[in-house]
Amino acid sequence: MPHAPDRSFFARAPLVVARGLLGCVVSARGVTVRLTEVEAYAGPAGPAGTADPASHAYRGPTPRSSVMFGPPGRLYVYLVYGMHWCANVVCGADGEAAAVLLRAGEVTTGAGLARERRPAARSLHDLARGPAKLAGVLALTGADTGLDLCAPAAEITVLAGSPPATDVVRSGPRVGVSAAGDRPWRFWLAGEPTVSRYRPAGRRTAGPVVGG
DNA sequence: GATCAGATATACT
DNA sequence: GTATATCTGATCC
């Protein structure tokens, strides 16, 4: 049984942290989720050409992304498409600005509460099948950005679960990422019904009305 | 399954 | 001022 993720766990490279998070459980506000799908985002530093253009940290710190440039083990929750919250955990060295997006998981406890938070879910497996759904069942919002998961009495915690067998860990391109979409930095557990359906970055808007 | 509408913070010009 | 966004839910096959 591996020890629970602590500061040194999150201080490692995003790809390592991402793989290590599979099978871990996240508990927040009465709901516990076992992670089945995550994605890694690299920081802007590194050899030329290796920076991650898909990361919010790519162009350096901004008011939104500044927490990524701080110490690892903290939450970065941001609003996407004007309506959905997505939760990341800052990882890598202090200042490296890498992160891991929590994409999907299986609700293991607090399913009733999770259903209240996500009435649109059509099955138990759908409760946290997707990054905004996962953030939803855990009731995470931008107000939780900066929260330290490694604090002694953290309101939100990450603990090691039963580690997945290595042969069920899969990797592939990230979802909804147009830049560097070819990097196989998405990790998931094969056979888990809670893993979100892969959808390449594609049409984002309907565009303006043409003609008339 | 495939396609489309949705609502706003954020970052860039 | 304008374009974009680490997506979801509803609807139509």
Side-chain angles (χ1 to χ4, degrees), chain A residues 10 14-15 17-19 21-22 26 33 35-44 51-69 72 74-92 96-105 107 114-146 171-188 193-211:
Chain A
F10 293 112
L15 294 177
V17 175
R19 274 184 297 244
L21 279 175
L22 289 176
V26 184
V33 166
L35 296 176
T36 57
E37 183 185 356
V38 295
E39 275 177 2
Y41 287 82
D52 185 1
S55 170
H56 289 172
Y58 181 57
R59 297 168 196 279
T62 64
R64 178 175 68 164
S65 68
S66 62
V67 68
M68 294 179 72
F69 290 82
R74 292 192 177 170
L75 270 180
Y76 167 49
V77 188
Y78 70 93
L79 188 65
V80 71
Y81 289 102
M83 47 195 127
H84 304 301
W85 294 105
C86 292
N88 298 250
V89 182
V90 178
C91 60
E96 184 179 331
V100 172
L101 170 67
L102 309 182
R103 279 202 59 88
V107 174
R115 293 202 89 125
E116 282 180 32
R117 288 173 181 163
R118 295 208 55 257
R122 287 185 289 158
S123 71
L124 287 175
H125 290 158
D126 189 45
L127 281 172
R129 184 165 57 194
K133 298 177 180 180
L134 177 55
V137 297
L138 296 176
L140 299 177
T141 70
D144 298 306
T145 287
S171 67
R174 293 178 290 187
V175 175
V177 166
S178 45
D182 54 322
R183 296 186 191 182
W185 287 1
R186 169 186 179 232
F187 299 90
W188 70 94
T194 53
V195 173
S196 66
R197 186 168 69 72
Y198 174 66
R199 199 196 81 225
R203 176 189 48 70
R204 319 307 292 177
T205 68
V209 175
V210 212

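Note on naming: letters A, B, ... go to the chains in the order of the sequence lines (proteins, then strands), and numbering restarts at 1 for each one.
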Contact list (N/O, under 3.5 angstrom) for nucleotides 11-13 of chain B vs protein:
residue : atom : partner : partner atom : Å
dA11(B) : OP1  : T62(A)  : OG1          : 2.2

Can you measure [X] atom [atom1] to [N] atom [atom2] for me and round it to whole angstrom units?
| X | N | atom1 | atom2 | answer |
| --- | --- | --- | --- | --- |
| L134(A) | dT8(C) | CG | C1' | 14 Å |
| M83(A) | dT4(C) | CE | C1' | 13 Å |
| R117(A) | dT8(C) | CZ | P | 17 Å |
| H84(A) | dT8(B) | NE2 | C1' | 12 Å |
| L79(A) | dT10(B) | CG | C1' | 10 Å |
| Y58(A) | dA5(C) | OH | P | 14 Å |
| D182(A) | dT6(C) | CG | C1' | 16 Å |
| Y198(A) | dG1(B) | OH | P | 17 Å |

Between R186(A) and P173(A), is there a side-chain heavy-atom distance shorter than 4.5 Å? no
Is there a side-chain contact between V90(A) and V100(A) (heavy atoms, below 4.5 Å)? no
May I ask you to decide if S123(A)'s main-chain N or O and D126(A)'s side chain share a donor-acceptor pair within less than 3.5 Å? no
Taking T62(A) for the side chain and S65(A) for the main chain, is one N or O donor matched with an acceptor at less than 3.5 Å? yes
Nearest 0.5 Å, what's the CG-CG distance between L102(A) and L140(A)? 8.5 Å
Considering all heavy atoms of both residues, which atom of P14(A) and which atom of A99(A) are nearest to each other, and what is their separation? CB-O, 4.1 Å
What heavy-atom pair brings C86(A) and L101(A) nearest, and what distance separates the two atoms? CB-CD1, 4.0 Å
Strand DNA chain B as a dot-bracket string - pairs counted if Watson-Crick or G-U with both distances under 3.5 Å, | where the partner lies in another strand: ||||||.|||||.
So, Y41(A) and dT6(C): ring centres less than 5.5 Å apart, planes less than 30° off, yes or no? yes
Sequence-distant partners of L79(A), side-chain contact (heavy atoms from CB on, under 4.5 Å), two or more places apart: W85(A)
List in chain and number order the residues that pass side-chain contact (heavy atoms from CB on, under 4.5 Å) with A42(A), two or more places apart in sequence or in another chain; answer none if no residue qualifies. D52(A), W185(A)
With sequence neighbours excluded, residues passing ring pair (Phe, Tyr, Trp, His ring centres under 6.0 Å) with Y78(A): H56(A), Y76(A)
Pair R174(A) + E39(A): basic N to acidic O under 4.0 Å: no
Heteroatom pairs (N/O) under 3.5 angstrom, protein to nucleotides 10-13 of chain C:
none

Nearest to the side chain of A132(A) - dG9(C), dC7(C), dT6(C)? dC7(C)
Among dT8(C), dC7(C), dT6(C), the one nearest any side-chain atom of Y81(A) is dC7(C)
